[in-house]
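Please read these numbers as outputs of a predicted model, since none were measured by experiment. Excluded from the calculations below are hydrogen atoms, water molecules and symmetry mates; all remaining heavy atoms, backbone and side chain alike, are included.
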Number of protein chains: 2
Amino acid sequence: MEIELQIKMNPSLYLRDPEQSELGKNIIKHSIQLIYDNGFEAFTFKKLAESIGTTEAGVYRYFENKHKLLVYIISWYWGWIQFQLNYQTNNIKDPIVKLKKVITLLSTNVEDDITTGHVDEPQLHQILISEGSKAYLTNHVGMDNKQQFFKPYKDLCNSVGEIILECNPKYKYPHSLASTIIEMAHLQNFFMNHLPSLTDFSKSKDEKEIIKYLEDLVFNTIRI
Amino acid sequence: MEIELQIKMNPSLYLRDPEQSELGKNIIKHSIQLIYDNGFEAFTFKKLAESIGTTEAGVYRYFENKHKLLVYIISWYWGWIQFQLNYQTNNIKDPIVKLKKVITLLSTNVEDDITTGHVDEPQLHQILISEGSKAYLTNHVGMDNKQQFFKPYKDLCNSVGEIILECNPKYKYPHSLASTIIEMAHLQNFFMNHLPSLTDFSKSKDEKEIIKYLEDLVFNTIRI
DNA sequence: TATTTAAGATAGTAATACTATTATTTAAAA
DNA sequence: TTTTAAATAATAGTATTACTATCTTAAATA
């Protein structure tokens with residue numbers, strides 16, 4: 001029996017479900033590759049179509065515009081991370097161990113997940129580091145939020161917040177600390193690699209240092 | 001005697017120094033207004049030129065492209081914040097008081113500084129919250145960094161890092177904690193106003209809550 | 001077999017991000 | 001005061017981007 005992991009996506013993000021056809025899956029696959037290679041600003045539907053071997057109009061039948069496509073793949077990533085979190089912390093009683101797992105999961109460049117054929121998770125992880133915040137740092141964030149575009153991110157933040165509260169039920173800022181952990185796991189990685197003097201990891205350029213920094217930050221903050 | 005505050009800018013950011021002419025000052029002034037109103041994605045040199053009453057070509061004589069203009073005004077902001085930091089922490093001995101001042105300075109929506117005629121600081125502060133990270137989250141961050149585009153930001157981060165070390169000389173991650181404070185002062189503000197469930201300040205929507213959160217985070221982390 | 005549906009092919013438009021040219025005004029230098 | 005240079009304004013033009021529309025073909029389904 002083959003198991004294939006399916007992440008349920010918000011239908012408002014697409015015009016036609018990309019999971020349901022070869023072309024759709026190719027759009028996701030090549031989008032990740034192109035955004036990973038050239039960044040989101042340089043990414044266009046024309047280049048995407050050329051890379052797939054279809055036409056611009058073909059892509060537009062799946063996604064209204066490139067921003068929604070970005071939000072789609074980012075949502076997919078958070079959904080996938082949520083699954084990994086649930087899976088990895090399942091049956092663990094100690095919330096401290098759980099929280100450490102979460103920090104490691106968010107900070108580590110994942111391995112390719114073979115149960116998700118057309119998605120290259122390591123590339124997607126890099127996209128999240130460089131482009132993740134562009135999903136919500138827009139003028140239309142309010143409208144996007146109303147359409148629940150950021151639900152996977154908010155759900156994840158909530159899960160992390162709950163684990164924080166398990167560690168210390170009296171801690172006053174579980175959601176803010178959760179969003180700080182998630183954002184900083186990515187941003188410190190970006191800084192480490194591109195603006196190293198903004199971090200203390202420039203020598204080793206090792207993700208493990210980020211994990212140590214975040215663990216120190218989090219467990220001192222919640223006073224464990 | 002009138003005092004005018006001049007922030008020295010990196011000449012690689014512009015083609016012609018905007019401080020040196022009326023048109024130049026108008027470009028800065030109206031850029032801030034337009035980016036504040038419509039966001040950076042919707043901002044074009046054509047709209048800017050129309051808003052000033054000049055032509056697109058006129059703007060291009062000052063700035064190569066809109067990204068460099070964004071980096072310019074963001075650099076200006078960090079230079080101005082650096083000045084405010086130096087000014088406000090001058091003669092303060094206690095590093096804890098200093099660090100608190102820094103957190104407050106970064107988290108508070110500033111008042112308009114009359115010594116900088118053509119710059120509206122409160123609007124600029126909002127731009128930093130929504131668009132600040134777009135200055136460096138690009139594919140050409142390495143080249144930009146080589147040209148010292150992010151020096152004011154890195155200098156500020158360094159200053160904050162030094163104050164952290166004054167509080168606790170043994171703390172291991174002064175730069176990372178400094179960049180965390182700076183980024184989170186802005187990001188928690190953005191979340192509070194646009195994605196409130198990612199924070200614990202959604203009820204009051206008060207900057208003072210962010211300050212309390214960051215103080216709690218920082219002083220627990222460095223164990224004061 | 002008829003019919004819906006997806007995909008491919010092609011064309012076209014408005015806006016964006018520029019570059020280039022020339023004419024006019026302003027200001028500094030000779 | 002005249003000359004010269006520099007800044008600006010006015011206009012035009014191009015390649016690319018971000019779409020929309022239409023028509024045909026192929027494949028799946030009823």
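Taking the 5' to 3' direction, DNA chain C first and last meets chain A under 4.0 angstrom from a heavy atom at C:dA6 to C:dT10.
Remark: aromatic rings of A:Tyr136 and B:Phe191 are close, center separation under 6.0 Å.
Remark: A:Ser107 OG to A:Lys208 NZ distance equals 12.0 Å, nearest 0.5 Å.
Within a 6.0 Å sphere centred on NZ of B:Lys29, other residues, nucleotides and ligands contribute 12 heavy atoms or fewer. In the displayed structure, A:Lys101 atom NZ is contacted under 6.0 Å by at most 12 heavy atoms of other residues, nucleotides or ligands.
Using bins of under 30°, 30° to 60° and over 60° for the plane-to-plane angle, the ring pair B:Tyr77/B:His186 lands in the tilted bin. Ring geometry, B:Tyr213 versus A:Tyr173: the interplanar angle exceeds 60°, so the pair is classed perpendicular (tilted spans 30 to 60°).
Of all heavy-atom pairs between A:Ser21 and A:Tyr62, the closest is OG-OH, 2.5 Å. Summarising the geometry of B:Thr180 relative to A:Met184, their closest heavy-atom pair is OG1-SD, 3.6 Å, with the distance given to 0.1 Å.
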Notebook entry, point to check: Between B:Lys47 and B:Glu50, does a salt bridge (charged side-chain N to carboxylate O under 4.0 Å, His left out) hold up when you go through it step by step?
Noted result: CA-CA 5 Å; B:Lys47 288 178 196 163; B:Glu50 272 162 22; over 6 Å; no
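In terms of phosphate contacts, B:Thr54 brings a side-chain nitrogen or oxygen within less than 4.0 Å of OP1 or OP2 of D:dA9.
Ion pairing of B:Lys134 with A:Glu41 is absent here, as no side-chain N (NZ or NE/NH1/NH2) approaches a carboxylate O to less than 4.0 Å.
Comparing B:Glu22 and B:Thr55 against DNA chain D, the residue whose closest nucleotide sits nearer the 5' end is B:Glu22.
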Check: How does protein reach along nucleotides 15-21 of chain D, written 5' to 3' as B (base within reach of a heavy atom under 4.0 Å), S (only sugar-phosphate), or - (no contact)?
Finding: --SBBBB
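Checking D:dT4 for Watson-Crick or G-U wobble geometry (two distances, each under 3.5 Å) identifies C:dA27 as its partner.
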Scan nucleotides 5-7 of chain D against the protein and return all N/O pairs shorter than 3.5 Å with their distances rounded to 0.1 Å.
| residue | atom | partner | partner atom | Å |
| --- | --- | --- | --- | --- |
| D:dA7 | OP2 | B:Arg16 | NH2 | 3.3 |

